[in-house]
Novice: 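Attaching a single structure in structure tokens format; questions to follow.
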Amino acid sequence: MRISELSAESGVPVATIKYYLREKLLPEGERSSPTQASYGAAHVQRLGVIRALVDAGVGIAGVRKVVGVLEEPPENPYDLLGAANAAVTPEIVGDPDLTEATALLERMGGSPEKCFPDQLAAVAHALSTLERAEFMVPEPVMASYLEHLSAIAEAELAATPDTSIEDAVRYVVLGTALVEPLILALRRVAEQVAASRRFGAG
């Protein structure tokens, strides 16, 4: 299909597609002449990934990292998961104290050697934010977080598609960027349900 047809199929404006091509976020089409190129289903799928990331608030730098994983995926599934997650994990500025974050990691059965540094730093940053606000998560609540988040992680990994590298990366990246807001929204709904059971509806 021509670029105008790719635009119609994907819902992405031609000018935006050309920008993605210039930025090498989208692979070049198959050249039929110096000014014409043909695009296929893979381009439609890649545009879907890019637009979903952009809509989720991932910047172009993050999108470029995801594309890098798609273009040169690690052979090891563990490294693939880490690379895909790291692509959409905000960079933590500074050198946070990892002591408490490491303790929580170990309670989930992990170790610092088997956790990507950016992920552990993100936990440490969140904990320091709580500390600055002088807010402490009660131990029974933290234990529940660790237990249920571990169960969520196991379920998500079990559902990761093995049809292709692109499908796996798309699942992990979009599952991080797009599903996390859903999890937070459902948490608030669950709190309302629990409150209505405990205290009665307002």
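Values below: all heavy atoms of this structure, side chains included; hydrogens, waters and symmetry mates excluded. We're numbering straight along the sequence, starting at 1.
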Novice: Quick one: do the Arg51 and Tyr20 side chains pair a donor with an acceptor below 3.5 Å?
Specialist: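 Yes - a donor-acceptor pair under 3.5 Å links their side chains.
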Novice: Are side-chain heavy atoms of Gln36 and Arg2 found at a separation under 4.5 Å?
Specialist: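 With C-beta onward as the side chain, the pair touches.
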Novice: Supply the atom-to-atom distance Ile3 CD1 to Leu21 CG, rounded to the nearest 0.5 angstrom.
Specialist: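 Atom-to-atom, Ile3:CD1 and Leu21:CG are 5.5 Å apart.
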Novice: Check the surroundings of atom CG in Asp55: do more than 12 heavy atoms from other residues, nucleotides or ligands lie under 6.0 Å from it?
Specialist: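 Count over threshold, so yes.
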Novice: When you compare the side chain of Val14 with that of Ser7, does any pair of heavy atoms fall below 4.5 Å?
Specialist: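 Heavy-atom side-chain distance check passes, below 4.5 Å.
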Novice: Count the heavy atoms of every other residue, nucleotide or ligand shown that sit under 6.0 Å from CZ of Arg107, and state whether that count exceeds 12.
Specialist: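 Yes - once you tally the heavy atoms of other residues, nucleotides and ligands closer than 6.0 Å, there are more than 12.
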Novice: Look up atom CE in Met1 and atom CD in Glu9, then write down how far apart they are to the nearest 0.5 Å.
Specialist: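 CD of Glu9 is found 5.0 Å from CE of Met1.
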Novice: Please enumerate all residues that pass salt bridge (Lys or Arg N to Asp or Glu O under 4.0 Å) together with Glu100, with sequence neighbours excluded.
Specialist: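 Applying salt bridge (Lys or Arg N to Asp or Glu O under 4.0 Å) to Glu100 gives none.
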Novice: Using a 4.5 Å cut-off on heavy atoms from C-beta on, say whether the side chain of His43 contacts that of Ser10.
Specialist: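 No, too far: nothing below the 4.5 Å cut-off.
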Novice: Would you say Thr16 and Pro13 make side-chain contact, with heavy atoms under 4.5 Å?
Specialist: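 Result yes, sub-4.5 Å side-chain heavy-atom pair found.
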Novice: Taking all atoms of both residues into account, what is the closest heavy-atom pair of Arg46 and Val67, and its distance?
Specialist: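 That closest heavy-atom pairing would be NH1-CG1, 3.8 Å.
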Novice: Within a radius of less than 6.0 Å around CD of Glu191, do more than 12 heavy atoms belonging to other residues, nucleotides or ligands occur?
Specialist: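 Yes, the 6.0 Å shell around CD holds more than 12 heavy atoms from other groups.
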Novice: Please report the shortest heavy-atom distance between Pro27 and Tyr39, naming the atom on each side.
Specialist: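 It is O-CE2, 4.5 Å.
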Novice: Heavy atoms only: give me the nearest Pro96-Ile92 pair and the separation to one decimal.
Specialist: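 Nearest pair, atom of Pro96 first, then Ile92: CG-CG2, 4.3 Å.
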Novice: Run the side-chain contact (heavy atoms from CB on, under 4.5 Å) check on Leu105 and Val123 step by step: do they pass?
Specialist: CA-CA 9 Å; Leu105 169 67; Val123 174; over 6 Å; no
Novice: Counting only heavy atoms not in Glu154, do more than 12 fall under 6.0 Å of its CD?
Specialist: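 No, the 6.0 Å shell around CD holds no more than 12 heavy atoms from other groups.
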Novice: If you compare all heavy atoms of Ile50 against all heavy atoms of Leu25, which two are closest, and at what distance to 0.1 Å?
Specialist: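 Shortest heavy-atom contact: CD1-O, 3.6 Å.
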Novice: Test your reading of the model: is there a side-chain donor-acceptor pair from Ser144 to the backbone of Pro140, 3.5 Å cut-off?
Specialist: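 It does not hold such a pair.
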Novice: I'd like to know if Glu71 and Arg64 make a salt bridge, using a cut-off of under 4.0 Å between side-chain N and carboxylate O.
Specialist: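 Answer for the salt bridge query: no.
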Novice: Compare every heavy atom of Leu98 with every heavy atom of Ala121, then report the nearest pair and how far apart it is.
Specialist: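 Closest heavy-atom pair between Ala121 and Leu98: CA-CD2, 4.0 Å.
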Novice: What I'd like to find out is whether the side chain of Val66 reaches to under 4.5 Å of the side chain of Leu53, using heavy atoms alone.
Specialist: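 A side-chain contact exists here, since the closest heavy-atom pair is under 4.5 Å.
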Novice: Which atoms form the tightest heavy-atom contact between Pro112 and Glu106, and what is the distance?
Specialist: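 The answer is CD-OE2, 4.2 Å.
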